[in-house]
Amino acid sequence: MSLPRSFYERDTVAVARDLLGCLLIHQEKAGTAAGRIVEVEAYLRDDPAAHSYRGMTERNRAMFGPAGHAYVYRIYGLHTCVNVVTGAEGTGEAVLIRALEPVAGIGLMQARRGRDDLISLANGPGKLTEALGITIDLDGASLSCGPLWIDPPTTPVEEIVQTTRVGITKAADLPLRFYLKGSRYLSRR
DNA sequence: GTCCTGATCCTCT
DNA sequence: GAGGATCAGGACG
């Protein structure tokens, strides 16, 4: 059973923290692949680093849509990143999924990534979308009915570490990155 | 391990 | 026309 819409309609930082330990699952003809979320970042309203900061555009439209949907975008012309839209519709807040611990469909993930070591299969936002086969087609897709969804944790969730976000130049001092302490599958420490 | 670079392209200025 | 919420590979120590 996947997380209900009400899970995503809460405060974005609370959703970000609660997503840690959950399972991100993508199912398609090639098979099903899933990973345990070990690292996320929150992007808020009035946050200069957020894509929504300068208002709605064609690219970030999904970020202003209803909670519990995916916001998928392409970065640097060649990589894809996936977010979960949070909060009330129209606020433009979301949580970026940054790293996964491979759990299921590992052979499929290895084939898609073209490498075998489990650590680097999904330890980065561009890597995990490649490993799970998440493409720009899923931008705006519901996480309640479709090939992409999130399940609650199946094992105890470790201690959460809160720190600054990765790879941004604006609002770089805000502590809006969260990860599971001690995980070997982080994009960085 | 750290640092640097090239790849690659669409969006917004 | 500039600049990314990135990745991989190479040089170097």
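Just so it is clear, the values below take in all heavy atoms, side chains as well, and ignore hydrogens, waters and symmetry mates.
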Seminar exercise, completed: Students should find that the nucleotides of DNA chain C closing off the region near chain A, any atom under 4.0 angstrom from a heavy atom, are C:dG4 to C:dG9
Exercise. When rounded to the nearest 0.5 angstrom, what is the spacing between OG1 in A:T154 and CG in A:L23?
Worked result: 5.5 Å
Problem set entry | Dot-bracket encoding per residue of DNA chain B, Watson-Crick/G-U cut-off under 3.5 Å, | denoting interstrand | |||||||.||||.
Exercise. Per the side chain to side chain contact (heavy atoms under 4.5 Å, CB included) rule, which among A:L100, A:T80, A:T135 passes with A:T129?
Worked result: A:T80
Seminar exercise, completed: d(A:Y8 OH, A:L143 CG) to nearest 0.5 Å is 5.0 Å
Seminar exercise, completed: In B/S/- notation (B base, S sugar-phosphate only, - none; protein heavy atoms under 4.0 Å), nucleotides 3-13 of chain B written 5' to 3' is ----BBB-SSS
Exercise. Under a 4.0 Å N-O cut-off, is there an ion pair linking A:E158 with A:R36?
Worked result: yes
For this session: Flag the pair A:L128 / A:M109 as yes when at least one side-chain heavy-atom distance between them is below 4.5 Å, and no otherwise.
Result: no
Exercise. Checking A:N60 side chain against A:M63 main chain: does a donor-acceptor pair fall under 3.5 Å?
Worked result: no
Seminar exercise, completed: Rounded to the nearest 0.5 angstrom, the CG-CD1 distance for A:L148 and A:I134 is 5.0 Å
Exercise. Distance between the P atoms of C:dG1 and B:dT8, in whole angstroms?
Worked result: 22 Å
Exercise. Just checking A:R115: base, sugar-phosphate only, or nothing, at a heavy-atom cut-off of under 4.0 Å?
Worked result: sugar-phosphate
Problem set entry | NE2 on A:H26 to CG on A:L138, rounded to 0.5 Å | 4.5 Å
Problem set entry | Touch class at under 4.0 angstrom, heavy-atom based, for A:R113 against every strand present | sugar-phosphate
Problem set entry | Atom pair SG/CD of A:C81 and A:E41 - distance to nearest 0.5 Å | 9.5 Å
Exercise. Charged N to carboxylate O under 4.0 angstrom, A:R112 versus A:E130?
Worked result: no
For this session: Could you pick out which residue, A:H51 or A:E130, lies toward the 5' side of DNA chain C when each is mapped onto its nearest nucleotide?
Result: A:H51
